[in-house]
> 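I have a structure I would like to understand better, so I am pasting it below and will then ask my questions one at a time.
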Amino acid sequence: MEENYLDKLNEPQRLAVEATEGPVMVIAGAGSGKTRVLTYRIAHLLNKGVDAFNILSLTFTNKAAREMKERIGYVVGESNAKSLWMGTFHSVFARILRVEAPLLGYPSDFTIYDQQDAVSVMTKIINEMNLDKDIYKAKQVLGRISQFKNNLITVRAYHNNQALIEADNEAMKPRMGDIYRAYVDRCFKSGAMDFDDLLLRTNEILTRFPEVLAKYQERFKYIMVDEYQDTNHSQYLIVKALASRYENLCVVGDDAQSIYAFRGANIRNILSFKQDYPDAKLYPLEQNYRSTQMIVEAANQIIKQNQDQLEKNVWTANESGEKIAIYRGLSDADEARFIASQIWERQISEHLQPKDFAILYRTNAQSRALEEALRKRGIQYRVFGGTSFYQRKEIKDMVAYMRLLINQNDEEALLRTINYPARGIGQTTISKLLVAADQHQISLFSLVENIAMYAPTIGINAGTTTKLNNYALMIKRFQVMLKSHDVYEVTMEMAKTTQLLNALKEDSTPEGVSRLENVQELLNSIQGYVEEQQQLEDGDASLSGFLENIALATDADNEEEDDNKVNLMTVHLAKGLEFPIVFIAGLEENLFPSMMSVNTRAELEEERRLFYVALTRAEKVAYMTYSVSRFRWGKIIDCEPSRFLEEIDDDFLDWKNLNIPVRNSNNSGLSADLFGDEPSAESYKQREKSVARPNPNQRPSGNVQPRPNFKPVNQTSSSSAGSQENALGLKVGQVVVHDRFGRGVVRDLQGEPNDMKAIIHFDNAGEKKLLLNFAKLKIIRS
DNA sequence: AAGCGCTAGCTTTTT
DNA sequence: GCTAGCGCTT
């Protein structure tokens, strides 16, 4: 055991570690050693004789939990660290729900529906209710329901809430309440919970069953929550309930790094901790150990421009470091080429390894160009997130079979597998089955299982009855097999019997080969999982254990061995990580900040915090790049530098190439002086600043420079002279032409000047709402 | 019932 | 540039 771990902490860190009793809030600036505090705090608790069994630590990713456990193991010995409860909210409470969910009528082997499953259920519901799928968009509706759930508004509560009902009526969605009810019913009947349910149902149990609450309050005498600024209301209530007995609650976070408001995170949870717990001790950690002075100070300057924040002063004793390099690309490919070349050069000149580099971006779609450039250079890289392994069709197919074995009420899994690989059970049959199951109020599987009994009344012929029967028998055979064989053996057998592997083997296209490889990888990972769990004393080598693992695996979690590769990921995924050299790519208006987030100050401030998070990932060197044009939606569009670049003082910046486009001065779009002399950074900035930009989101006071007129260069550089005037000068009643929808009349204009939408009635396409910044409109008659 | 080809809409970010 | 969903053909 490590003896002197307290000596490894600075004063505020040590105080936070030693304050084990009562509520504690650690406000940890970027790079200030927050993980170190959490780790040593737990080690300290264990050292003081607290049973690991009584400690609950909620982390942001499962990977963070694993790493922390490992580090604690170094300090206090592995065996002691083993029984700690550590993980994400979702995984910890899923585990608790395996035990407690039957109280609410769920099976303990409930399925966890991911986003895709949820969308698929929702699409069916909207369809069955005969609603217009353009008004009731499955994803949007689910987003709304997610809001309800995260604020503990149950179906009943919704129907008693006039304000919500009215809001949905206003939004032209009067059936929202019915859809909500149908969705919840459907999930319940399928024995399934979505991500939000894991938290909502936990809350429900803790509220409705005081003895269960008491059990976990006694169990979790010490609670720690990392990234507290990103907890939503539902999570907040769980923590509050569990901690209310002993109040040994330590939350760690940084309001400046709150970047998940879009999924319900409530920054007020951290801002009002002191009101919730008046006796709380506060420990601000302000010394940054991660980054150079240049990076720390530039980051400070960025975040200062947000109104909503706790005062703090992050500083560092590290070296002053290089200025932030800025590069302006001519295209996304050029931007990517520059990044790849810098990585190449730095690797050689500074003896760095690929894994020392990270390229961060706002949207997953940006990875494509970057990947290509890295490939051309022969640089090894790794993309996190995006379409993850478990979202691939071939994997979901395989997993659907596995899910069905565990929970035969899982309707999504049944529908996915019943005719894949094809066994002659088509849409017509499935529709009949769905109707009949509903009529008889039985699950789809029990209907299929007893199809011989029902077939005549449903109108299913003998041939199809046999097929259905065989399918049910096959599933049941695997279920039986699961009792005597391990998960890997059963899955392997299943892959063979269903012809799933063979179907893939026949496909010799590159995509087909890669699909087969993926399935083989899944089988390998099952084997690995089984072996690993069998070695553990309290291992869970069950199929449901494996399924839970993959349903709740985060994109940051999956880690390959020996991955000395350049890291590509969204800024969101980079939270909590650090790299010697960081590139922030795509710093353009409408991309970073995102087009969807520039309408309110709150949204814009979240984007700015995101930018802050991105920059503070860097230890030694940060690059920021943007491009004047970019492939988006299959087209080349013109881009403007991000307003965030303007917000950084020139003292921190090193403009790498200054061949700056002519902008706002004539109608030539790009080109012009691309190959001409490079103007200085000064003249560039002056030129941009000389044009005042009406920005409704701008803080009225403060030392921020007036925002240059960046925005509405029209997407179509072809739309020639004064496209901006056209866009903004559009009037109701004008006749316009759109290159896809044809001729139409402007009916209405809505929104901010910079984000104007037009309702246009097209002769042939009907009424459409178009974003003027993007719509390709030509006015033909005023 | 299955397979193919076309089109509409699309991306913010994720447990 | 991609993919989900639709309609047409076999």
Side-chain angles (χ1 to χ4, degrees), chain A residues 58-62 87-94 112-116 118-120 123 127 133-134 137-139 142-143 146 149-150 193-199 227 230-232 234-235 258-265 332 360-369 384-388 390-391 393 419-431 463-464 467 511 548 550-557 569-575 586 590-599 603 606-607 609-611 613-614 630-636 740-741 765 768-771 774:
Chain A
L58 297 164
T59 56
F60 205 69
T61 63
N62 292 309
T88 61
F89 271 91
H90 289 88
S91 60
V92 165
F93 295 109
I112 298 172
Y113 274 177
D114 66 15
Q115 178 72 15
Q116 275 181 49
V119 168
S120 155
T123 307
N127 219 337
K133 65 177 168 26
D134 293 327
K137 296 196 171 163
K139 266 193 191 154
L142 280 169
S146 177
K149 288 186 174 177
N150 284 328
M193 296 202 199
D194 64 17
F195 290 135
D196 301 321
D197 283 330
L198 295 175
L199 307 173
E227 307 283 10
D230 283 324
T231 51
N232 64 32
S234 194
Q235 293 168 324
S258 160
I259 53 174
Y260 281 101
F262 73 91
R263 70 168 199 219
D332 45 357
L360 309 182
Y361 36 77
R362 181 65 179 82
T363 65
N364 284 304
Q366 284 166 260
S367 74
R368 182 177 306 276
F384 290 77
T387 312
S388 81
Y390 294 110
Q391 288 166 19
K393 181 187 176 300
N419 197 32
Y420 183 83
R423 47 177 75 90
I425 303 169
Q427 201 49 61
T428 322
T429 307
I430 291 170
S431 301
T464 311
K467 289 172 192 164
E511 298 80 35
E548 182 178 311
I550 64 177
L552 297 177
T554 62
D555 285 321
D557 284 337
M569 65 187 89
T570 62
V571 182
H572 283 90
L573 276 184
K575 190 169 79 151
N590 293 333
L591 185 59
F592 199 172
S594 158
M595 178 167 53
M596 318 296 282
S597 306
V598 290
N599 295 319
E603 282 172 343
E606 175 148 315
E607 293 284 312
R609 290 192 296 269
L610 193 58
F611 184 46
V613 167
R630 176 176 299 279
F631 250 103
R632 244 178 140 182
W633 301 305
K635 290 200 173 66
I636 295 175
R740 199 162 78 231
F741 300 129
K768 302 269 174 194
K769 196 183 212 175
L770 300 173
L771 281 178
F774 287 87

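So you know, we letter chains A, B, ... as the sequences are listed, proteins then strands, and number each from 1.
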> Please give, in whole Å, the distance from dT3(C) C1' to Q116(A) CD?
11 Å
> At under 4.0 Å, does any side-chain N or O of N419(A) touch on OP1 or OP2 of dA2(B)?
yes
> Send over the distance from E606(A) CD to dT13(B) P, rounded to a whole Å.
13 Å
> With nearest nucleotide decided by heavy atoms, which residue, M596(A) or A551(A), maps closer to the 5′ end of DNA chain B?
M596(A)
> Going by purine N1 to pyrimidine N3 plus the second Watson-Crick contact, or the G-U wobble pair, all under 3.5 Å, which nucleotide sits opposite dC2(C)?
dG9(B)
> Regarding Y260(A), tell me which of base, sugar-phosphate or nothing describes its non-hydrogen contacts under 4.0 Å with the strands shown.
sugar-phosphate
> Hey, does the side chain of N364(A) come within less than 4.0 Å of dT13(B)'s phosphate (OP1/OP2), counting only N and O?
yes
> Measure the CG-CZ distance between L552(A) and F93(A) for me, rounded to the nearest 0.5 Å.
12.5 Å
> Given atom OH of Y361(A) and atom C1' of dT14(B), what is their separation to the nearest angstrom?
14 Å
> Check every atom of dT15(B), dT11(B), dC2(C) against the side chain of R368(A) and return the nucleotide holding the closest atom.
dC2(C)
> Would you find a donor on one side and an acceptor on the other, under 3.5 Å apart, between the side chain of N419(A) and the backbone of I425(A)?
yes
> Can you tell me how the ring of F60(A) sits relative to the ring of Y260(A), calling it parallel under 30°, perpendicular over 60° and tilted otherwise?
tilted
> Taking the minimum atom-to-atom distance to the side chain of F631(A), which one of dA2(B), dG1(C), dG5(C) wins?
dG1(C)
> What nucleotide among dT14(B), dA2(B), dC10(B) has an atom nearest to a side-chain atom of R263(A)?
dT14(B)
> Is there a side-chain polar atom (N or O) of T570(A) under 4.0 Å from OP1 or OP2 of dT14(B)?
yes
> Counting only side-chain heavy atoms from C-beta out, which of dT12(B), dC2(C), dA2(B) sits nearest to R362(A)?
dT12(B)
> NE2 of H572(A) to CG of L360(A): how many Å apart, nearest 0.5 Å?
12.0 Å
> Kindly say if K137(A) contacts the phosphate of dC10(B), meaning a side-chain N or O under 4.0 Å from OP1 or OP2.
yes
> In terms of the nearest nucleotide of DNA chain B, which residue is placed more toward the 5' end: T429(A) or D196(A)?
T429(A)
> Nearest of dC2(C), dT13(B), dA2(B) to any side-chain atom of T363(A)?
dT13(B)
> When you compare the ring of F262(A) with the six-membered ring of dT13(B)'s base, are the centres less than 5.5 Å apart and the planes under 30° from each other?
yes
